[in-house]
A.B. asks: 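Here it is, the structure in full.
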2 protein chains.
Amino acid sequence: MVATTGQLEAVPEPKYWHLRTVLLRTIDAEFSTGQVLPNERELSARFGVARATLRQALDQLELEGRLVRRRGIGTLIAAPRVGVPVSRREEGWPGTARSQAWRTVDCTSAPAGPQLGQSLGIPDTEIVHTVRRVRMVQGQNVAGESLHVPSSALPHLPGFRAENDRARSVLRHLERLEVDGESRSVELGVAEAQEAALLERPPGTPVLVVTSQYAAGGRLVALAVSTYRADTCKLTFGETGLVEVTPVAGGAVVATAS
Amino acid sequence: MVATTGQLEAVPEPKYWHLRTVLLRTIDAEFSTGQVLPNERELSARFGVARATLRQALDQLELEGRLVRRRGIGTLIAAPRVGVPVSRREEGWPGTARSQAWRTVDCTSAPAGPQLGQSLGIPDTEIVHTVRRVRMVQGQNVAGESLHVPSSALPHLPGFRAENDRARSVLRHLERLEVDGESRSVELGVAEAQEAALLERPPGTPVLVVTSQYAAGGRLVALAVSTYRADTCKLTFGETGLVEVTPVAGGAVVATAS
DNA sequence: CAGTGGTCTAGACCACTCT
DNA sequence: GAGTGGTCTAGACCACTGG
């Protein structure tokens with residue numbers, strides 16, 4: 001099936017898409033993680049297309065997490081995506097045992113402003129503590145996060161301190177709260193300068209944006225906006241995954257009509 | 001800190017990225033949902049860049065779900081993403097009350113094959129029923145799904161029937177199972193021909209791939225691979241969202257240095 | 001330094017939608 | 001047919017990496 005590669009054909013399939021398919025088959029069959037592909041100029045020549053067209057195909061494969069391109073180095077086969085737990089309380093919530101997955105970057109305190117104020121359901125003028133953190137998995141930065149906490153949610157927070165101490169203090173007080181509700185959403189986004197820097201990637205990098213709301217005592221006590229590298233991460237939710245392995249082909253597992 | 005954004009250089013920010021920022025500010029300030037932008041040739045002229053460069057900026061904004069481009073029509077401001085519940089049992093699992101969100105497309109039965117066999121933990125040769133469905137929200141196709149069920153999980157399924165009946169039958173028997181475990185993952189992907197068709201989008205469309213495993217009696221009874229349009233969908237998990245509204249800026253809510 | 005991917009250009013033609 | 005976005009080309013230069 002899919003007896004494509006027909007040079008003379010009626011199917012107006014774009015060249016770059018066809019190219020992607022061919023490349024995908026090739027790397028699945030003949031390449032393994034970490035191996036480098038021939039350079040773009042050679043590949044484009046080999047396939048008889050302009051370099052821009054070849055790049056369009058590589059763009060797709062990179063978006064799918066199959067390739068990694070490094071300036072000055074080359075294009076490599078990417079490692080399979082790492083499963084990153086985001087739902088379990090132990091991972092998303094500060095502290096809680098071995099949650100050393102998160103490393104605090106900095107902490108600021110400022111009035112909420114209109115946007116954050118509305119999202120948190122507080123006056124625009126109320127002070128909000130914002131802790132920025134980075135999440136590491138297997139020695140690699142995979143996510144950045146801004147954790148916003150209204151000051152009214154932490155009434156016992158001690159006065160001003162050095163930034164390091166304040167971050168610690170906010171997180172510590174947060175752990176002690178009894179959370180009785182949480183809600184999450186996931187959507188596609190691109191990393192702006194700040195997040196991109198945390199993720200050690202260029203601006204425009206596609207990310208999975210996870211927005212988490214935590215409630216305690218019937219009110220919102222924290223809002224976390226986490227951005228996960230879409231190329232390397234597979235977010236996992238719920239119980240601890242029944243079956244560990246789940247290859248998951250892009251889509252069609254059942255090969256039908258061609 | 002991070003006193004970046006020095007106007008007078010040192011930072012060779014790519015043109016297309018700067019353009020994206022400018023366009024984003026403009027549409028936030030002066031355009032509203034459904035409005036059409038000037039055409040690409042005019043925009044590129046107005047900004048003094050090549051059309052390809054302008055398109056690179058539009059590509060980004062489209063990936064972020066801010067723009068929709070329609071061939072022959074123009075580039076329009078996209079509506080805000082719709083929140084789509086995926087975690088709640090009522091939505092993901094067949095039947096269950098008003099789950100008319102899903103419309104069955106077809107149903108096939110075939111041996112699992114190596115990939116599916118491994119994912120389901122069954123022999124490659126065991127028959128697997130696959131129901132393909134489409135999910136609609138507000139009159140629009142937002143997701144396609146392949147629901148795989150090992151035949152051994154439905155021992156009481158009647159013999160062969162017409163396709164329509166078989167799909168109904170599989171779903172009905174599935175509802176009756178007592179699910180005692182489920183697990184989900186989300187990752188970025190692109191729609192291949194088949195899914196793309198279901199979503200009424202061209203191949204290569206970015207999608208959020210949700211993989212759900214359902215267990216009953218300690219064994220895997222169903223594996224669902226759902227592909228949601230990444231441009232229009234925001235997946236929601238957990239309890240019924242505490243606060244309905246969550247504007248969620250791309251990332252930086254705290255506006256720093258300028 | 002040579003080699004890689006990243007950006008940008010100016011132009012061409014195609015496929016689609018509407019009138 | 002006129003106007004739109006989608007694809008493709010051929011070439012240039014830049015930014016980064018490594019020896």
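Hydrogens, waters and symmetry mates are skipped; everything else that's a heavy atom, side chains included, is used. Naming convention: chains lettered A, B, ... in sequence-line order (proteins, then strands); numbering from 1 in each chain.
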A.B. asks: Find the bend of the helix from C:dC1-D:dG18 to C:dC18-D:dG1 as the angle between its two terminal axes (five pairs each), to the nearest 10°.
C.D. replies: 10°

A.B. asks: Could I get the full list of side-chain contact (heavy atoms from CB on, under 4.5 Å) partners for A:Thr205, not counting sequence neighbours?
C.D. replies: A:Ala191, A:Arg201, A:Pro202

A.B. asks: Once salt bridge (charged side-chain N to carboxylate O under 4.0 Å, His left out) is applied, what residue pairs with a partner in residues 21-30 of chain B remain, sequence neighbours excluded?
C.D. replies: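 The answer is B:Asp28-B:Arg66.
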
A.B. asks: Can you list, in residue-number order, the parts of residues 68-80 of chain A that come under 4.0 Å of DNA chain C, counting heavy atoms only?
C.D. replies: A:Arg69, A:Arg70, A:Arg71, A:Gly72, A:Ile73, A:Gly74, A:Thr75

A.B. asks: Measuring to OP1 and OP2 of C:dG5, would you say a side-chain N or O of A:Arg55 lies under 4.0 angstrom away?
C.D. replies: no

A.B. asks: Looking at residues 27-42 of chain A, who's got a heavy atom less than 4.0 Å off DNA chain D?
C.D. replies: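 Of all residues in residues 27-42 of chain A, the ones placing a heavy atom under 4.0 Å from DNA chain D are A:Arg41.
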
A.B. asks: With A:Leu67, which residues qualify under side-chain contact (heavy atoms from CB on, under 4.5 Å), at least two apart?
C.D. replies: A:Ile27, A:Leu37, A:Leu58, A:Leu61, A:Thr75, A:Ile77

A.B. asks: Taking only N/O atoms, report every protein-nucleotides 8-11 of chain C pair under 3.5 Å with atom names and distance.
C.D. replies:
| from | atom 1 | to | atom 2 | distance (Å) |
| --- | --- | --- | --- | --- |
| C:dC8 | OP1 | B:Lys15 | N | 2.3 |
| C:dC8 | OP2 | B:Tyr16 | N | 3.2 |
| C:dT9 | OP1 | B:Lys15 | NZ | 3.0 |
| C:dT9 | OP2 | B:Ala50 | N | 2.8 |
| C:dT9 | OP2 | B:Thr53 | OG1 | 2.5 |

A.B. asks: Using the side-chain contact (heavy atoms from CB on, under 4.5 Å) criterion, which residues pair with B:Gln60? Sequence neighbours excluded.
C.D. replies: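 If we apply the side-chain contact (heavy atoms from CB on, under 4.5 Å) test to B:Gln60, skipping adjacent residues, the hits are A:Val190, B:Tyr16, B:Trp17, B:Arg20, B:Glu64.
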
A.B. asks: Checking A:Glu40 now: which residues fulfil salt bridge (Lys or Arg N to Asp or Glu O under 4.0 Å) with it, not counting sequence neighbours?
C.D. replies: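 A:Glu40 satisfies salt bridge (Lys or Arg N to Asp or Glu O under 4.0 Å) with A:Arg51, A:Arg55, A:Arg69 only.
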
A.B. asks: According to salt bridge (Lys or Arg N to Asp or Glu O under 4.0 Å), who are the partners of A:Glu42, at least two apart in sequence or on a separate chain?
C.D. replies: A:Arg46

A.B. asks: Applying side-chain contact (heavy atoms from CB on, under 4.5 Å), name anything that partners A:Thr33, two or more places apart in sequence or on another chain.
C.D. replies: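 A:Ala79, A:Pro80.
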
A.B. asks: List for me each residue that meets salt bridge (Lys or Arg N to Asp or Glu O under 4.0 Å) alongside B:Arg229, sequence neighbours excluded, and say none if there are none.
C.D. replies: B:Asp231

